[in-house]
Amino acid sequence: KQGGAVLEALLASKADFQILALTRDASKAQAFASKSNVTVIQGDVRNPSSIFEANKPIYGVFCVTTPGRAGAEEAQAKPLIDESIKNGVEHFVFSSVDRGGPKSDTNPTTIEHFASKHRIEEYLTEKCGDGSKMSYTILRPVAFMDNLLPNFFGKGFANMWAGVGDRPLQL
């Protein structure tokens with residue numbers, strides 16, 4: 001849902017550039033396909049070279065990874081980072097997760113999903129420090145209000161939140 005929210009914000013701002021919307025399933029992005037400055041591309045971020053070749057130049061990339069088995073998020077983000085650098089992308093935005101506020105840079109945690117995001121952050125900062133001209137932004141949201149939908153996942157999230165007790169949770 002983050003990618004769709006970014007697209008909606010860009011469209012609301014009357015962005016005067018072409019927006020490429022990469023998705024695993026183009027049928028789910030048809031609402032955006034009708035916009036004159038949006039091109040919906042079905043593809044796989046684990047093998048993005050053809051996407052870059054067919055759509056040069058690309059100024060910026062917003063990267064959201066999908067959790068799965070151990071290493072799944074890294075398998076999505078690392079090839080996208082590498083191809084972005086190789087193809088002259090100027091700015092890369094990675095949606096990560098907060099892992100303790102100011103300690104997030106050095107705190108991978110024992111939660112695999114969070115630790116994976118930490119490893120991707122390290123990879124991104126290392127690759128951008130290797131003489132690359134690509135700048136980057138790392139976003140570290142904590143939780144999303146969308147997690148509280150009245151479905152199975154939302155009920156599970158609400159129960160997890162209740163287990164936090166009196167400690168605050170940023171939304």
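Heavy atoms only: backbone and side chains are in, while hydrogens, waters and symmetry mates are out.
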For this session: Supply the members, apart from Phe114, of the Ile/Leu/Val/Met/Phe/Trp/Tyr cluster built from side-chain contacts under 4.5 Å; use none for a lone residue.
Result: Val97, Ile111
For this session: Give the cluster check for Met134 versus Leu20: same hydrophobic cluster or not, with ILVMFWY residues linked at side-chain heavy-atom distances below 4.5 Å.
Result: yes
Exercise. Do Glu73 and Pro67 come close enough that some side-chain heavy atom pair is under 4.5 Å?
Worked result: yes
Problem set entry | With Thr39 via side chain to side chain donor-acceptor pair (under 3.5 Å) - residues at least two apart | Gln18
For this session: Examine Ile58 and Val38 and state if one hydrophobic cluster contains both, with Ile, Leu, Val, Met, Phe, Trp and Tyr joined whenever side-chain heavy atoms are less than 4.5 Å apart.
Result: no
For this session: For Glu112, check side chain to side chain donor-acceptor pair (under 3.5 Å) against everything at least two apart and list the hits.
Result: Arg119
For this session: Just jot down the salt bridge (Lys or Arg N to Asp or Glu O under 4.0 Å) partners of Arg24, sequence neighbours excluded, or say none.
Result: none
Exercise. Mind checking what makes side chain to side chain contact (heavy atoms under 4.5 Å, CB included) contact with Thr23, not counting sequence neighbours?
Worked result: Ala26, Ala29, Val40
Problem set entry | CG-CD1 distance between Leu22 and Ile41, expressed to the nearest 0.5 angstrom | 6.5 Å
Problem set entry | salt bridge (charged side-chain N to carboxylate O under 4.0 Å, His left out): pairs with one or both residues in residues 25-49, sequence neighbours excluded | Asp44-Arg46
Problem set entry | side-chain hydrogen bond (donor to acceptor under 3.5 Å, both in side chains) between Thr109 and His118, intermediate numbers included | CA-CA 9 Å; Thr109 80; His118 182 261; over 6 Å; no
Exercise. Could you state the interatomic distance from CD (Glu90) to OG (Ser132), rounded to the nearest 0.5 Å?
Worked result: 11.0 Å
Seminar exercise, completed: Hits for side chain to side chain contact (heavy atoms under 4.5 Å, CB included) against Val6, two or more places apart or cross-chain, chain-then-number order -> Leu10, Phe62
Problem set entry | Val93 vs Val61, side-chain contact (heavy atoms from CB on, under 4.5 Å): CA-CA, chis, key distance, verdict | CA-CA 6 Å; Val93 178; Val61 171; over 6 Å; no
For this session: Give every residue pair that meets the salt bridge (charged side-chain N to carboxylate O under 4.0 Å, His left out) criterion with at least one member in residues 56-66, sequence neighbours excluded.
Result: Glu53-Lys56
Exercise. With sequence neighbours excluded, what pairs up with Glu126 under the side chain to side chain contact (heavy atoms under 4.5 Å, CB included) test?
Worked result: Asp130
Exercise. Who passes side chain to side chain contact (heavy atoms under 4.5 Å, CB included) against Ser96, sequence neighbours left out?
Worked result: Phe94, Arg99, Lys117, Glu121, Ile138, Arg140
Problem set entry | Candidate pair Gln2 and Ser95, rule side-chain hydrogen bond (donor to acceptor under 3.5 Å, both in side chains), full reasoning | CA-CA 9 Å; Gln2 290 180 63; Ser95 181; 2.5 Å; yes
Exercise. If only atom types and distance count, is the side chain of Asp98 paired as donor or acceptor with the main-chain N or O of Ser104 below 3.5 Å?
Worked result: no
Exercise. What's the spacing between Asn37 CG and Leu11 CG if we round to 0.5 Å?
Worked result: 5.5 Å
Give every donor-acceptor pair under 3.5 Å between a side-chain atom in residues 77-85 and any protein atom, sequence neighbours left out.
from  : atom 1 : to     : atom 2 : distance (Å)
Asp82 : OD1    : Tyr123 : OH     : 2.6
Asp82 : OD2    : Tyr123 : OH     : 2.8
Glu83 : OE1    : Asn87  : ND2    : 3.0
Ser84 : OG     : Leu80  : O      : 2.7

Problem set entry | Minimum-distance pair of heavy atoms, taken over all atoms of His91 and Thr137 | NE2-OG1, 2.7 Å
For this session: Would you check if Phe92 and Cys63 make a side-chain contact, meaning some heavy-atom pair closer than 4.5 Å?
Result: yes
Seminar exercise, completed: In this structure, CG of Leu124 is separated from OH of Tyr136 (nearest 0.5 Å) by 6.0 Å
Problem set entry | Residue pairs passing the salt bridge (charged side-chain N to carboxylate O under 4.0 Å, His left out) test where at least one lies in residues 7-22, sequence neighbours excluded | none
